[in-house]
Participant: 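Can you read through this structure? Questions will come right after.
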Number of protein chains: 2
Amino acid sequence: MDLDETDREILRILQADARTPFSEIARRIDMSSATVHDRVGRMEEAGVIEGYHAQIDPRSVGLGTSAFVGLRIEQGRENDALDRLREIEAVQEIHLTTGEWDVLLRLTVEDTDGLREAMFEEISRIEGFSRSQTMVILATDLDDRALPI
Amino acid sequence: MDLDETDREILRILQADARTPFSEIARRIDMSSATVHDRVGRMEEAGVIEGYHAQIDPRSVGLGTSAFVGLRIEQGRENDALDRLREIEAVQEIHLTTGEWDVLLRLTVEDTDGLREAMFEEISRIEGFSRSQTMVILATDLDDRALPI
DNA sequence: TCTGAAACCATCACCTG
DNA sequence: CAGGTGATGGTTTCAGA
């Protein structure tokens, strides 16, 4: 889908605050809210906008510990192993990467005991991984900045 | 702030779809929309809800390449170096971690040339980093799953 | 936490250049 | 054919109970 500067401006606004009323977006970009409604609908259809999500402070809901986990995967077992990773609730992200690891996960858990549980009772029981390293997140300085659209 | 099961249910709904009307949340949890409005307002105040964001497909806006970058930082230079990293537009996340790296970044750029630019014209010019590794994301199997609230 | 009311908003069919 | 208008029914928001 081709996006013009107006679409991009709408995306910037919704990325910063997904609950901005269309009527206010319309005021800001100097168009009618019917047009904004139209454009947003088309971008949703086209998959440009994948959803709208509240950003929640993990600590407030008792999830105080996060970590990245790097894994090496044995050839031929990729799909099975990924399927099993996806079933683990603590796993927030799964990326296939070049470099030292084949798979990089992000875990979010309650505390260090939750980390132990995820690592030793869930991830290490999956066959197909040969090596792993856990990088506990001590602090997050910048999280999920808006895309430079 | 103490959250009860009703607050958590509201968070689950807004995490899945931040544009869900309060009136519909009210129907689902069998309360009035005034109460939902109240509770959401209190959770925003308390910092439990940090914002509402449209999730945008990076490819659709021309950002086709992402990478994690691990960095080692020299003692005593932490703050300066982090300040400079934060100024780089391509840097989406900055985490301080245990393990092989001290800092783990996530970059989002247009293409491999954007990666080169970020790495060699921006990051490697910052003093205080001694070693780095770039892990290009080949595929993302799972991204930013909802927190298990 | 609710009710009720005013202001506001989304949404749609139907125009208009 | 993108964009606008205007009507209508739903939604937000707030005071008061």
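By convention in this document, chain letters (A, B, ...) are assigned in the order of the sequence lines, proteins followed by strands, and residues within each chain are numbered from 1. Heavy atoms only: backbone and side chains are in, while hydrogens, waters and symmetry mates are out.
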Participant: With sequence neighbours excluded, what pairs up with B/D80 under the side-chain contact (heavy atoms from CB on, under 4.5 Å) test?
Facilitator: none
Participant: Does the B/S124 side chain pair with the main chain of B/M119, one donor and one acceptor, at a distance under 3.5 Å?
Facilitator: yes
Participant: Which nucleotides of nucleotides 10-17 of chain D have their base under 4.0 Å from a protein heavy atom (B), which only their sugar-phosphate (S), and which neither (-), written as one string 5' to 3'?
Facilitator: -SBBB---
Participant: Which residues satisfy the side-chain contact (heavy atoms from CB on, under 4.5 Å) test with B/E87, sequence neighbours excluded?
Facilitator: none
Participant: If the helix axis at each end comes from five base pairs, how far does the helix from C/dT1-D/dA17 to C/dG17-D/dC1 deviate from straight, to 10°?
Facilitator: 30°
Participant: Does A/E100 have any side-chain hydrogen bond (donor to acceptor under 3.5 Å, both in side chains) partners at least two apart in sequence or in another chain, and if so, which?
Facilitator: B/Q133
Participant: Return the set of residues passing side-chain contact (heavy atoms from CB on, under 4.5 Å) with B/R59 (not counting sequence neighbours), or none when no residue passes.
Facilitator: B/D57
Participant: Just the rounded figure in Å: distance from C1' of D/dA2 to CZ of A/R42.
Facilitator: 8 Å
Participant: Give a yes or no on whether the backbone of A/I137 and the side-chain of A/S66 come within a donor-acceptor separation of less than 3.5 Å.
Facilitator: no
Participant: Apply side-chain hydrogen bond (donor to acceptor under 3.5 Å, both in side chains) to A/R72 and list each qualifying residue two or more places apart in sequence or on a separate chain.
Facilitator: A/D102
Participant: List the residues meeting side-chain hydrogen bond (donor to acceptor under 3.5 Å, both in side chains) with A/D17, not counting sequence neighbours, and say none if there are none.
Facilitator: none
Participant: Excluding sequence neighbours, so at least two apart, what forms side-chain contact (heavy atoms from CB on, under 4.5 Å) with A/E74?
Facilitator: A/R77, A/S130
Participant: For A/D38, answer base if it contacts any base atom (sugar-phosphate contacts may also be present), sugar-phosphate if it contacts only those atoms, and nothing otherwise; contact means non-hydrogen atoms under 4.0 Å.
Facilitator: nothing
Participant: Name every residue in residues 43-54 of chain B that has at least one heavy atom under 4.0 Å from any atom of DNA chain C, in order of residue number, or write none if there are no such residues.
Facilitator: none
Participant: Which value, rounded to the nearest 0.5 Å, describes the distance between A/L115 atom CG and A/L107 atom CG?
Facilitator: 6.5 Å
Participant: Need two values: the first and the last nucleotide of DNA chain C, 5' to 3', having an atom under 4.0 Å from any heavy-atom of chain A.
Facilitator: C/dC9 to C/dC12
Participant: Hey, is the side chain of A/S32 poking within less than 4.0 Å of OP1 or OP2 on D/dG4, counting only N and O atoms?
Facilitator: yes
Participant: Which residue pairs pass the salt bridge (Lys or Arg N to Asp or Glu O under 4.0 Å) test when at least one of the two sits in residues 18-33 of chain B, sequence neighbours left out?
Facilitator: B/E24-B/R28
Participant: Between A/R42 and A/E45, is there a side-chain N and carboxylate O pair less than 4.0 Å apart?
Facilitator: no
Participant: Do the side chain of A/R86 and the main chain of B/L142 share a donor and acceptor less than 3.5 angstrom apart?
Facilitator: no
